[in-house]
Asks: 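Take this structure, written in structure tokens, and hold onto it; I'll ask about it next.
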Amino acid sequence: FFFSSRRRHTRYGTVTGVQTCALPISVIRKIVQIGNPALRQIADSVDVNQIQSDEIQSLIDDLIETMRDANGAGLAATQIAVPLRICIIEVNKNPRYPYKPDIPLTVLINPKVTFLTEERINVYEGCLSVPNMRGQVDRCPEILIEGFDRDGQEVSFISKGISAGTFQHELDHLDGLIYTDRMSDASSLTTIDEFAEHYEEKFKNQVISIVKKYGS
Ligand code: NI
């Protein structure tokens, strides 16, 4: 049988209109918005023995499809109202965040974060669940992330700078937190248009210096 049973290799179910077999298809899910109680749930850990199941693998495929469709830099399962500790991160010349350094597609299951420095950087963030807005949040610029990948293998890596903030943002979603909860100064909240007009240029320069200092 030449088709892998793993959904991630089988993105589209039909070949030239012929239904070859019951191939699964990734689905773009609805991203819930701030105010939806699903975003406030503390997600449950995934049973590591279930990571390779069709249910979890197709959920991961759907997260990837949904994030890419929305031009997100990441997406947590809680954002599609699934209370499981799974999030994905990917930055690839992102039009919503043109200043963000690239991060290869990373699938994290049951992730845990450890701060490696007392330092904090103050950065603008946005979120697919908080449409059209940006706000400033303090993030630790050097973190250790431990968890599992989609093959059920343990992963452990250090992330620094702007990218570290992106990881913290996604992991927060698994604990029912939204970046707006982390804002020490609510007056930094801005629409994307006002951000572009008044703050983006200055922030881009800040990002350049953060990337210079931390390498990402
Ligand atoms: Ni978010």
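Every value quoted in this text rests on a predicted model; they were computed, and no experiment measured them. Counting convention: from 1, in listed order, for ligands and their atoms alike.
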Asks: Do NZ/NE/NH1/NH2 and the carboxylate oxygens of R68 and E90 come within less than 4.0 Å?
Replies: yes
Asks: Checking side-chain polar atoms at under 3.5 Å, does S129 have a donor or acceptor matched by the opposite partner on Q79?
Replies: yes
Asks: For V32, what residues pass the side chain to side chain contact (heavy atoms under 4.5 Å, CB included) criterion, not counting sequence neighbours?
Replies: N36, A38, L39, A81
Asks: Short of 2.8 Å from the Ni ion (ligand 1), name each protein N/O/S atom, waters not counted.
Replies: C127 SG, H169 NE2, H173 NE2
Asks: For K112, what residues pass the side chain to side chain contact (heavy atoms under 4.5 Å, CB included) criterion, not counting sequence neighbours?
Replies: T114, E146
Asks: Is any side-chain heavy atom of T106 closer than 4.5 Å to a side-chain heavy atom of I88?
Replies: no
Asks: Please, which pairs that meet side chain to side chain donor-acceptor pair (under 3.5 Å) have at least one residue in residues 174-184, sequence neighbours excluded?
Replies: R40-D181, R85-D175, D172-R182
